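Atoms within each ligand, like the ligands themselves, are counted from 1 in listed order. These figures come from a predicted structure and were not determined experimentally.
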Amino acid sequence: MAREDEYERFDREIEAMGVRIKDADSVKVRDDVFDEVTLIALYKLVHKRLISAIGGPISTGKEANVFYGERDEDEIAIKIYRIQTANFKAMTEYLAGDRRFSSVRGTRKGIIFAWTKKEYSNLARAYEVGIPVPEPLAFDRNILLMRFLGEDELPYPQLRNAEIEDYGAVYRQILDYIERLYRDARLVHADLSEYNILYHEKPYLIDMGQAVTLDHPRAPAFLIRDIKNLNRYFSRYCDILDEQEIISAITGTEYREPSRPGEGMQS
Ligand SMILES: Nc1ncnc2c1ncn2[C@@H]1O[C@H](COP(=O)(O)OP(=O)(O)OP(=O)(O)O)[C@@H](O)[C@H]1O
Ligand SMILES: [Mg+2]
């Protein structure tokens, strides 16, 4: 079959790079993942000795696939944004309002490469100020390498599946991360949920491609949405704080429901 030929070609090309394929059955070409561009990016990263093994898929998301990998003794996560099927139109708004990326050109590939770099930069900013996130290791084109949050090839569970003893304490810990992200890293996560937090002894924030700097016109709205999401989830398990008080404490200003152009009264 043509599909089988593709798989074999893929395995041969990857192995020719000197990369060990740990799980031959599951690292098959997803037609839309391992296209030509992605293979070149993978090749670059392997050539720089940043990847020594590729394992099975951990997750298939809306925009990206995450694979287990190794760099010598270290476990890594390999996040690959799909060129063909990622929703690059939705990415444009997050990029345009962020001064670091406002000049990005609007081709599909260009947007996705910028998005990958943006996630790398966001993780680096958060990591530098000491917020628990996966340490970013490298990026090339549409591939991001980061430290693996897990053990023995098993990722830590998402918050929604984690066994938690003291929900109140975890809630406060995440609020503290959001505040430090805002104050120290000058970022708003913008997609915070029980899916984008992993948990093992403490919470870890992940999935930061969409996080924006505070000068983004929608940063205040994204912050409120994050807090609402967090409160929605934790209200089932513990007492939660008032949304407006949280926002005021984080931003140090009076809370104001943000208005979007054309919505509500303009003053
Ligand atoms: N550094 C990591 N270590 C371990 N597991 C990870 C890591 N990064 C991601 N994962 C796993 O992969 C899943 C998806 O990752 P992530 O949320 O970053 O991508 P996504 O939701 O697919 O992205 P998008 O929504 O943009 O498509 C996570 O829930 C987690 O299980
Ligand atoms: Mg996610």
Side-chain angles (χ1 to χ4, degrees), residues 22-23 26-27 30 32-33 38 45 50-51 53-71 73-95 98 101 108 111-127 131-139 141-163 174 177 181 187-212 222 225-226 229-230 233:
K22 294 195 65 171
D23 182 350
S26 48
V27 186
R30 294 291 180 75
D32 48 339
V33 181
T38 305
L45 292 165
L50 295 167
I51 300 175
I54 302 178
I58 299 172
S59 144
T60 304
K62 276 193 317 303
E63 330 284 355
N65 295 44
V66 180
F67 294 83
Y68 172 83
E70 288 170 6
R71 181 194 185 182
E73 299 301 299
D74 294 331
E75 297 189 303
I76 59 173
I78 305 173
K79 184 168 183 177
I80 304 181
Y81 283 98
R82 292 188 302 274
I83 309 271
Q84 288 314 319
T85 56
N87 182 358
F88 81 106
K89 289 233 171 72
M91 295 173 169
T92 315
E93 185 194 356
Y94 289 81
L95 289 164
D98 189 314
F101 296 95
R108 170 178 284 279
I111 297 281
I112 288 164
F113 295 173
W115 193 259
T116 309
K117 180 177 183 182
K118 184 160 171 281
E119 176 154 32
Y120 178 91
S121 312
N122 289 337
L123 287 172
R125 280 169 84 130
Y127 188 79
I131 297 164
V133 298
E135 179 187 1
L137 302 171
F139 68 93
R141 285 157 238 225
N142 57 327
I143 303 184
L144 168 68
L145 304 186
M146 57 192 146
R147 196 171 293 277
F148 183 69
L149 297 178
E151 268 164 52
D152 300 330
E153 308 192 22
L154 202 68
Y156 296 147
Q158 295 174 349
L159 180 64
R160 67 197 177 102
N161 297 323
E163 266 184 48
I174 296 168
Y177 296 174
L181 198 61
L187 288 175
V188 173
H189 184 288
D191 192 19
L192 202 68
S193 73
E194 60 275 24
Y195 292 81
N196 287 334
I197 299 172
L198 302 188
Y199 188 87
H200 177 74
E201 293 171 354
K202 65 181 174 198
Y204 293 83
L205 305 185
I206 62 163
D207 201 358
M208 296 193 65
Q210 70 296 314
V212 296
F222 292 150
R225 194 174 66 188
D226 282 353
N229 258 337
L230 196 68
Y233 185 72

Look up atom NZ in K117 and atom CG in L95, then write down how far apart they are to the nearest 0.5 Å.
11.5 Å
Return a table of N or O atom pairs, ligand 1 on one side and protein on the other, at distances under 3.5 Å, rounded to 0.1 Å.
| unit_1 | atom_1 | unit_2 | atom_2 | d |
| --- | --- | --- | --- | --- |
| ligand 1 | 1 (N) | R147 | O | 2.9 |
| ligand 1 | 3 (N) | L149 | N | 2.8 |
| ligand 1 | 17 (O) | N196 | OD1 | 3.1 |
| ligand 1 | 17 (O) | D207 | OD2 | 2.9 |
| ligand 1 | 18 (O) | K79 | NZ | 2.8 |
| ligand 1 | 19 (O) | K79 | NZ | 3.2 |
| ligand 1 | 21 (O) | D207 | OD2 | 3.0 |
| ligand 1 | 23 (O) | D207 | OD2 | 3.4 |
| ligand 1 | 27 (O) | K62 | N | 3.2 |
| ligand 1 | 27 (O) | E63 | N | 2.6 |
| ligand 1 | 27 (O) | A64 | N | 3.3 |
| ligand 1 | 29 (O) | Q158 | NE2 | 2.6 |

Out of Y120, W115, Y81, which one pairs with F139 under the ring pair (Phe, Tyr, Trp, His ring centres under 6.0 Å) rule?
Y120
Do P134 and F148 make a side-chain contact, defined as non-hydrogen atoms from C-beta onward lying under 4.5 Å apart?
no
Is a side-chain N or O of K118 found less than 3.5 angstrom from the main chain of M208, in a donor-acceptor match?
no
With L181 as reference, evaluate V188, L187, N122 under the side-chain contact (heavy atoms from CB on, under 4.5 Å) test and give the passing residue.
L187
For the backbone of A190 and the side chain of R225, can you confirm whether one donor and one acceptor N or O come within less than 3.5 Å of each other?
yes
Could you please give the number of protein N/O/S atoms within less than 2.8 Å of the Mg ion (ligand 2)?
2
CD1 (I197) and NZ (K202) are apart, to the nearest 0.5 Å, by 14.0 Å
Let me know which of T116, N65, D207, N142 forms a side chain to side chain donor-acceptor pair (under 3.5 Å) with K79.
D207
Does a salt bridge link R147 with E135, judged by any charged N lying under 4.0 Å from a carboxylate O?
yes
